[in-house]
There are 2 protein chains.
Amino acid sequence: MKEGPDIALIGSLIGDPARANMLSALMGGQALTPTELAAHAGVTLQTASSHLAKLEAGGLVTQRKQGRHRYYALSEDEVGLMLESLMGFAASRGLTRHRPGPKDPALRKARVCYNHLAGDYGVRMLDSLINARQIEIAGDDLTLTEAGRERIEALGIDYAALKKSRRPICRSCLDWSERRSHLAGSLGEALLKLFLNEGWAKREKESRAIRFTDRGDKAFLDLFPL
Amino acid sequence: MKEGPDIALIGSLIGDPARANMLSALMGGQALTPTELAAHAGVTLQTASSHLAKLEAGGLVTQRKQGRHRYYALSEDEVGLMLESLMGFAASRGLTRHRPGPKDPALRKARVCYNHLAGDYGVRMLDSLINARQIEIAGDDLTLTEAGRERIEALGIDYAALKKSRRPICRSCLDWSERRSHLAGSLGEALLKLFLNEGWAKREKESRAIRFTDRGDKAFLDLFPL
DNA sequence: GGAATGCTTCGACTACGATCGAAGTATGAA
DNA sequence: TTCATACTTCGATCGTAGTCGAAGCATTCC
């Protein structure tokens, strides 16, 4: 009515249970087809299609056609950050959709947050990088130091490629289970990819949980001491 | 359906335009009565009452009876932080409720964010405190240093009182106009109160804008150099 | 070409929630 | 006690948004 941004539109988009389930599923970081998303949401394909059109119009998701499939994903890092913030609040109210089960500890230890690592391990990684002065922090802005640049290149990450994209390399993202920040941005994404490619960790099916192998666990803890 | 917090409930609470307007009004930091909130939302008192009951059930607001008035306010700092995060996202999408007008620059310069200072001045204040090593930053956690404690006591803020409450003293809050962090928490609140009490600044009516007097402006900039 | 898959669009149904008038409760003032 | 103010609760109405069946495109496979 007066001033300020219009939160009602975004709220109503998130407010429908079917759409919220789809968004949660997309927080897993993988692009999903309407059929898959319909299954996550528990609705028919037609309904899912209509929801996806609305989410796209609202700028929350984007689609990419590939053959006869359409892959939907969260449109930007920002969407993930905002959703994680909402989840944090909901969790603090004890509003959870699931009966606490055996998977819960695994989720708290390590899970995927859109495209980067979250949970205990995610927070530890950022803390460790800060302690080693490879990332510097000022306000909410994280910046990679010279030492940090060398470090990630030694890990085999292509710094130049990260630099080229318009996305921020480092970004902090609030963790809903740990209530602290972990590393997002294109570097966060690259690091998660690295862990998966090296075979240190695998995604669980149908879940955001990430399971580290014994070898991967050791390598990770070595790489990011506290 | 599966795991993770339930964001749909919160989303649907924010998703109704009347409720969104009420929440935006409460972001002004003052506790408001149902009658006032009804006016902000553009609905009748009955409707407002029903909305407030829902917001309260969802844990977003709390009420305090005082005589024959009921004062509603955001229930915790966390609510303000989450809403600000949503606003930031909405603003980045160009979803604003208002035609950009003369008040806009004033809002960007200094405004109230629930109970603390936001906008250019809010961001500057936190930056300055960090530069002076009076606040230290690690992840999203801000901590007041020894030097910081002395500094705020010199300003006449009762550190012991802040310490007593269970709320965090320092907290970072993402600014939707500046896209950077400013200082929230009980210290953020105390500092804003200080500026108002000293007569350095005044709230605008019917707006979140804060207008600094000439004297206040000078004092503020002296106090928080860059 | 024809058939199958993946998805969107259309149309109709339904249900839930926002809205407000009217009546009820509580607090304070006269 | 009586009246006024501030608010809640009840009940009825109305719109709109979610839902799905059926039909329509598009792409790929055979």
Asker: B/Leu37 CG to C/dT19 C1': how many Å, rounded?
Answerer: 17 Å

Asker: Figure out the NE2/C1' separation between B/His69 and C/dT27, and round it to whole Å.
Answerer: 10 Å

Asker: Check every strand shown and say whether B/Tyr71 touches a base, only sugar-phosphate, or nothing at a heavy-atom separation below 4.0 Å.
Answerer: nothing

Asker: Over how many whole Å does the gap from A/Leu52 atom CG to C/dG6 atom P extend?
Answerer: 16 Å

Asker: Which nucleotide in the set C/dT8, D/dG18, C/dT19 lies at the smallest distance from any side-chain heavy atom of A/Lys54?
Answerer: D/dG18

Asker: Please confirm whether the backbone N or O of A/His69 pairs with a side-chain atom of A/Thr33, one donor and one acceptor, at under 3.5 Å?
Answerer: no

Asker: State whether B/Arg70 places a side-chain N or O below 4.0 Å from either non-bridging phosphate oxygen (OP1 or OP2) of C/dA26.
Answerer: no

Asker: Report the distance from atom CG of A/Leu45 to atom P of D/dT19, rounded to the nearest whole Å.
Answerer: 13 Å

Asker: Applying salt bridge (Lys or Arg N to Asp or Glu O under 4.0 Å), can you list everything that pairs with B/Asp217, at least two apart in sequence or on another chain?
Answerer: B/Lys109

Asker: For D/dC20, does either OP1 or OP2 sit under 4.0 Å from a side-chain N or O belonging to A/Thr47?
Answerer: yes

Asker: Whole Å only: how far is the CZ atom of A/Arg64 from the P atom of D/dT27?
Answerer: 17 Å

Asker: Should A/Glu84 and A/Arg111 count as an ion pair when the cut-off is N to O under 4.0 Å?
Answerer: yes

Asker: Counting only side-chain heavy atoms from C-beta out, which of C/dT9, D/dT9, D/dC7 sits nearest to A/Gln46?
Answerer: C/dT9

Asker: The side chain of A/Val43 is closest to which nucleotide in this list: D/dC20, C/dT19, D/dC7?
Answerer: D/dC20

Asker: Atom CD of B/Gln63 to atom P of D/dA6: distance rounded to whole Å?
Answerer: 16 Å

Asker: Report the distance from atom CE of A/Met22 to atom P of C/dC7, rounded to the nearest whole Å.
Answerer: 12 Å

Asker: Is any side-chain N or O of A/His51 closer than 4.0 Å to OP1 or OP2 of D/dT19?
Answerer: yes

Asker: Tell me whether the OP1 or OP2 atom of D/dC7 has a side-chain N or O from B/Lys65 closer than 4.0 Å.
Answerer: no

Asker: Out of C/dC7, C/dT19, D/dT19, which nucleotide sits closest to the side chain of A/Asp16?
Answerer: D/dT19

Asker: What is the separation between atom CG on B/Asn21 and atom P on C/dT19, rounded to the nearest whole Å?
Answerer: 10 Å

Asker: Using a cut-off of strictly less than 4.0 Å, decide whether B/Tyr72 has a side-chain nitrogen or oxygen near OP1 or OP2 of D/dA6.
Answerer: no

Asker: Between B/Glu76 and B/Arg171, does any side-chain N to carboxylate O distance fall below 4.0 Å?
Answerer: no

Asker: Could you tell me whether the side chain of A/Arg19 and the main chain of A/His51 form a donor-acceptor pair under 3.5 Å?
Answerer: no

